[in-house]
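Accompanying notes for the structure given below.
In the text below, chain A, chain B and the rest are named by the order of the sequence lines, each starting its count at 1. Atoms considered below: every heavy atom in the structure, side chains included; atoms not considered: hydrogens, waters and symmetry mates.
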Number of protein chains: 2
Amino acid sequence: MRVSREKAAENRETIVEAAGSLFREKGFSGIGVADIMRAAGLTHGGFYGHFKSKDDLAAEASRAVMARSAASWAKTLEEHPDNALELLVERYLSAKMRDDRSHSCIFGSLGADAARQGKPVRKAFAEGLRPLIDVLTVLVPGASKVARRRKALAAMSQLVGAIVLARAVDDADFSDEILAASKAELLRD
Amino acid sequence: MRVSREKAAENRETIVEAAGSLFREKGFSGIGVADIMRAAGLTHGGFYGHFKSKDDLAAEASRAVMARSAASWAKTLEEHPDNALELLVERYLSAKMRDDRSHSCIFGSLGADAARQGKPVRKAFAEGLRPLIDVLTVLVPGASKVARRRKALAAMSQLVGAIVLARAVDDADFSDEILAASKAELLRD
DNA sequence: ATTATCTATAGATCTATAGATAATGC
DNA sequence: ATTATCTATAGATCTATAGATAATGC
């Protein structure tokens, strides 16, 4: 049953990957270790060879998801310096992102849940948020850096809140309207 | 052990009240029926005389919390027509609200969770959101009603996102900065 | 020999129900 | 007689651990 160190490291990554999707889809307390391991193609008992606890995995999976977001935002900024804000906002507030919880921004799907977690998860959320704010600070309009950072924090809040509200309501038109309103306001000036 | 009809109705309200607080504090899947009943001063088994299921309570508790929010916002609008927006934003984005999850806006604490619930809860969230948007539509600046409604939806999103992010991070200064940024931006124009 | 994974299980907790109890309200 | 609540429990699920197994890597 034993596998190579390389394969074990790969398995660990698969667990983190599965957890990143399932936590976002179901919430930290809405999915169990056994289901995550099953999604990763492994058995329940093997989990504790890789992680100290479910909380430990929650922190690591959160970090992994946020690192990917930061890389994606930075890449958009680098590749499309002229219209990066528009691209990010359109992508973030798209119907596709709203409907695909398991692969969307973790602050929308798990931000409120993170507040209920221990220090490691909340530390991961703080450190994971900073690079996104840094990208937005470059992109939003404003005379001074201080003014742009303030605008960036407000814009990030608006993105997160819009996706949360658009998902919470069961009325499709209302949901679309919520996304469209923030899209229009964020790209207005 | 049996109590009067009046007392039973009162007990039901106590359960809904306790659930409204505990769900906001712990999430829909972070608290059990037994704990809610204990908080209400009743025993576990008695629950199913009042509600069909935990989901049933989740929908009813959500409606109750949102009805109270709507009443509070409408009261602020009525009593302070000149500076209601400022009052609402200052209250919503205060450190006190951030730190008191169990009595704060349900969209921030349970919005993401609601997306994972069944139709009744999501219907409650849609119907509960509308009156808050209506109040904001009166308060935000804008030439036309259409423009004001768009601004209101964007403002609500920003409020919800700011409180979610401020709670998710473990860095107190960063958290305060998130709240201050949205406060400043929302009251700028 | 070491160790990554598996099987099996302990012990706690969760939702929901059955049946008993005792006070209300006809 | 009805019914609101209680006690007790069924059955499922959850986190975590113990010990067995078998392939890796010295």
Side-chain angles (χ1 to χ4, degrees), chain A residues 1-62 110 113 116-121, chain B residues 1-62 110 113 116-121:
Chain A
M1 302 282 161
R2 191 191 167 192
V3 300
S4 71
R5 283 180 189 178
E6 195 182 12
K7 179 66 183 168
E10 196 183 294
N11 284 346
R12 186 190 167 97
E13 257 186 86
T14 307
I15 298 168
V16 171
E17 173 78 15
S21 294
L22 286 168
F23 281 143
R24 277 181 284 179
E25 188 185 339
K26 312 267 191 182
F28 284 126
S29 57
I31 188 80
V33 168
D35 285 322
I36 291 166
M37 289 301 277
R38 197 172 305 128
L42 295 162
T43 57
H44 181 183
F47 177 83
Y48 294 90
H50 289 287
F51 303 96
K52 224 187 73 190
S53 65
K54 187 187 178 188
D55 282 351
D56 187 23
L57 173 65
E60 179 149 344
S62 298
L110 291 172
D113 249 28
R116 300 175 184 115
Q117 302 296 311
K119 191 100 180 166
V121 168
Chain B
M1 301 282 160
R2 190 190 169 194
V3 301
S4 70
R5 283 178 189 178
E6 194 182 13
K7 179 66 182 168
E10 195 184 296
N11 284 348
R12 186 190 167 97
E13 256 185 86
T14 306
I15 298 168
V16 171
E17 173 77 15
S21 295
L22 286 168
F23 281 143
R24 277 181 285 179
E25 187 184 339
K26 312 268 191 183
F28 284 126
S29 57
I31 188 80
V33 169
D35 284 322
I36 292 166
M37 289 300 277
R38 197 171 306 127
L42 295 162
T43 58
H44 181 184
F47 177 83
Y48 295 89
H50 289 287
F51 303 96
K52 222 186 76 190
S53 66
K54 187 187 177 187
D55 283 351
D56 187 25
L57 173 65
E60 178 149 345
S62 298
L110 291 172
D113 248 28
R116 302 177 183 112
Q117 302 296 312
K119 191 101 181 163
V121 167

Inset, instruction - Stems involving DNA chain D: give each as a range paired with a range, ordered by first number, where a stem means at least three consecutive Watson-Crick or G-U wobble pairs under 3.5 Å. - result: C:1-24 with D:1-24
Separation of [N] [atom2] from [X] [atom1] (nearest whole Å):
X	N	atom1	atom2	value
A/Arg5	D/dA22	CZ	P	21 Å
A/Asn11	C/dT3	CG	C1'	13 Å
B/Arg12	D/dT5	CZ	C1'	15 Å
A/Met37	D/dA16	CE	C1'	13 Å
B/His50	C/dT17	NE2	C1'	16 Å
A/Arg38	C/dT7	CZ	P	12 Å
B/Lys26	C/dC14	NZ	P	11 Å

Can you figure out which of [options] approaches the side chain of [X] most closely?
X	options	answer
B/Leu42	C/dA16, C/dC6, D/dC6	D/dC6
B/Ala8	D/dT5, C/dA4, C/dA16	D/dT5
B/Asp35	C/dT5, D/dA4, C/dC14	C/dC14
B/Val33	D/dC26, C/dT5, C/dT15	C/dT15

Inset, instruction - Test for a donor-acceptor pair under 3.5 Å between the base of D/dT24 and the side chain of A/Arg2, counting only N and O atoms. - result: yes
Inset, instruction - Look at the side-chain N and O atoms of A/His44 and state whether any lies under 4.0 Å from the OP1 or OP2 oxygen of C/dT5. - result: no
Inset, instruction - Taking only the side-chain nitrogens and oxygens of B/Tyr48, find out if one of them lies under 4.0 Å from OP1 or OP2 of C/dT17. - result: no
Just checking [X]: base, sugar-phosphate only, or nothing, at a heavy-atom cut-off of under 4.0 Å?
X	answer
A/Asp55	nothing
B/Thr43	base
B/Gly45	base

Legend entry - Spacing of A/Asn11 atom CG and A/Leu42 atom CG [to the nearest 0.5 Å]: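 Rounded to the nearest 0.5 Å, the CG-CG separation comes out at 4.5 Å.
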Legend entry - Point-to-point distance, once rounded to the nearest 0.5 Å, from CZ of A/Phe28 to CG of A/Asp113: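 A/Phe28 atom CZ to A/Asp113 atom CG measures 6.0 Å (nearest 0.5 Å).
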Legend entry - Strand contacts (DNA chain D) in residues 17-24 of chain A, 4.0 angstrom heavy-atom criterion: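 Heavy-atom contacts with DNA chain D come from no residue of residues 17-24 of chain A; none.
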Inset, instruction - Just jot down the salt bridge (Lys or Arg N to Asp or Glu O under 4.0 Å) partners of B/Lys52, sequence neighbours excluded, or say none. - result: none
